[in-house]
Protein chains: 2
Amino acid sequence: MEDGTFESLGYCGDTGVDDVLQWDQRADCEVRQILDRIADKWSLQVIALLDKRSLRFTELRRAIDGVSQRMLTRTLRHLERDGLVSRTVHPTVPPRVDYALTPMGATLHSTIRALVVWTEEHQNAIAAARTAYDRRTAAEQEAAEREAAERDAVARAVLPVRG
Amino acid sequence: MEDGTFESLGYCGDTGVDDVLQWDQRADCEVRQILDRIADKWSLQVIALLDKRSLRFTELRRAIDGVSQRMLTRTLRHLERDGLVSRTVHPTVPPRVDYALTPMGATLHSTIRALVVWTEEHQNAIAAARTAYDRRTAAEQEAAEREAAERDAVARAVLPVRG
DNA sequence: CGGAATCCGCCACGATACTG
DNA sequence: CAGTATCGTGGCGGATTCCG
């Protein structure tokens with residue numbers, strides 16, 4: 001039927017401890033699945049768009065730009081399965097399918113906003129860090145190459161030239 | 001040198017609008033990169049572990065369980081490049097490298113907590129939604145098969161038997 | 001219009017071996 | 001100990017085609 005049915009990619013036994021401070025132990029459990037969902041290439045945009053109003057399939061398709069019908073379908077199916085998006089089929093001709101955010105989906109959306117805000121606030125710092133890192137890396141690379149060239153020159157001066 | 005260097009998988013022009021309410025338009029921009037980072041299979045656990053105290057490479061390797069040295073290295077490099085994790089090399093023998101969360105990394109960690117809390121609060125609802133969805137799907141599947149079988153039976157009754 | 005089914009390219013990941 | 005280099009593979013995602 002489908003290719004991407006991943007059942008339980010890692011069961012995590014209930015430790016009985018609801019201590020959020022130890023969530024790193026469970027980071028690969030439920031959290032991972034939700035994270036994989038919202039971090040999905042298209043899910044985020046779908047959720048964002050549906051937060052305003054419900055949309056039809058083609059409306060989403062046009063709005064998102066770059067998404068294939070296959071991936072949009074898959075994304076919507078996943079979100080629907082998780083109870084984040086509702087799907088209502090109108091038995092008309094031509095068919096009409098409306099997608100909307102469920103209450104739970106709406107709460108997720110507002111939760112994600114915190115992350116978006118964080119990103120907005122730190123994107124400059126991140127960009128700066130990246131630039132600095134790349135400059136350091138490039139410098140080290142260049143230094144290593146100079147060193148190699150020097151060793152090569154020394155070896156050539158000492159050893160007799162072959163062939 | 002490396003295989004996974006994905007430079008700017010989608011530049012997003014600065015709209016000049018800082019309206020967070022329209023972040024869906026920019027959902028595929030900076031937010032995506034951060035999300036891809038923290039949603040990474042290992043990044044989350046690394047950040048969570050480093051929040052307590054700084055750790056050596058091997059300590060992380062043992063703590064995470066299942067991570068290959070290659071992926072751990074890549075993950076740490078990415079986090080370091082984004083300025084979320086600091087890497088300090090002690091010029092001893094045998095070599096010793098300590099990883100720690102930067103202040104920015106710490107703020108990200110606390111931001112992610114909101115998402116973890118959301119997941120904790122809704123994981124039961126999500127599990128229920130998934131079960132319900134799967135039951136509906138299975139039911140529709142079965143109905144479709146019954147219908148097909150019925151059509152087949154009718155066709156067999158009407159048409160003469162071939163061969 | 002809103003999908004489902006099929007084929008296929010590509011690269012991200014993992015395992016392995018080697019280095020300083 | 002803390003990496004880098006290389007290779008093989010699975011699965012994700014896109015393009016295409018067909019259906020109700």
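The chains referred to below are lettered A, B, ... by the order of the sequence lines, with proteins before strands, and numbering in each begins at 1. All values below were derived from every heavy atom in this structure, side-chain atoms included, with hydrogens, water molecules and symmetry-related copies excluded.
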- Query: Atom NE2 of H90(A) to atom P of dC1(C): distance rounded to whole Å?
  - Reply: 16 Å
- Task: Take atom CH2 of W42(B) and atom P of dA12(C), then tell me their distance rounded to the nearest Å.
- Result: 17 Å
- Query: Hey, which of L49(A), L101(A), V46(A) is the one that makes side-chain contact (heavy atoms from CB on, under 4.5 Å) with L55(A)?
  - Reply: L49(A)
- Can you tell me the distance, in whole Å, between the CD1 atom of I64(B) and the P atom of dA2(D)? 14 Å
- Note on the structure: To the nearest angstrom, the OH-P distance between Y99(A) and dC1(C) comes to 15 Å
- Salt-bridge criterion met for R81(A) and D134(B) (N-O under 4.0 Å): yes
- Measure from CD on Q69(B) to P on dA17(C) and round the result to the nearest Å. 12 Å
- Between CZ of R74(B) and C1' of dA15(C) the distance, given in whole Å, is 15 Å
- Query: Can you find a heavy atom in the side chain of W42(A) that is under 4.5 Å from one in the side chain of L72(A)?
  - Reply: no
- Query: So, do Y133(A) and D82(B) sit near enough that their side-chain heavy atoms are less than 4.5 Å apart?
  - Reply: no
- Counting any heavy atom closer than 4.0 Å, what does R61(A) reach on the DNA or RNA strands: base, sugar-phosphate only, or nothing? nothing
- Determine: side-chain N/O of R56(B) to OP1/OP2 of dG3(D), distance under 4.0 Å, yes or no. no
- Query: Within this structure, what is the CZ-to-C1' distance between R96(A) and dG3(C), rounded to whole angstrom?
  - Reply: 16 Å
- Nearest-nucleotide 5' precedence on DNA chain D, F57(B) against D40(A): F57(B)
- Item | Interatomic distance, R70(A) CZ vs dT6(C) P [rounded to whole Å] | 12 Å
- Give the nucleotide from the list dG20(D), dT4(D), dA4(C) with an atom nearest to the side chain of R77(A). dA4(C)
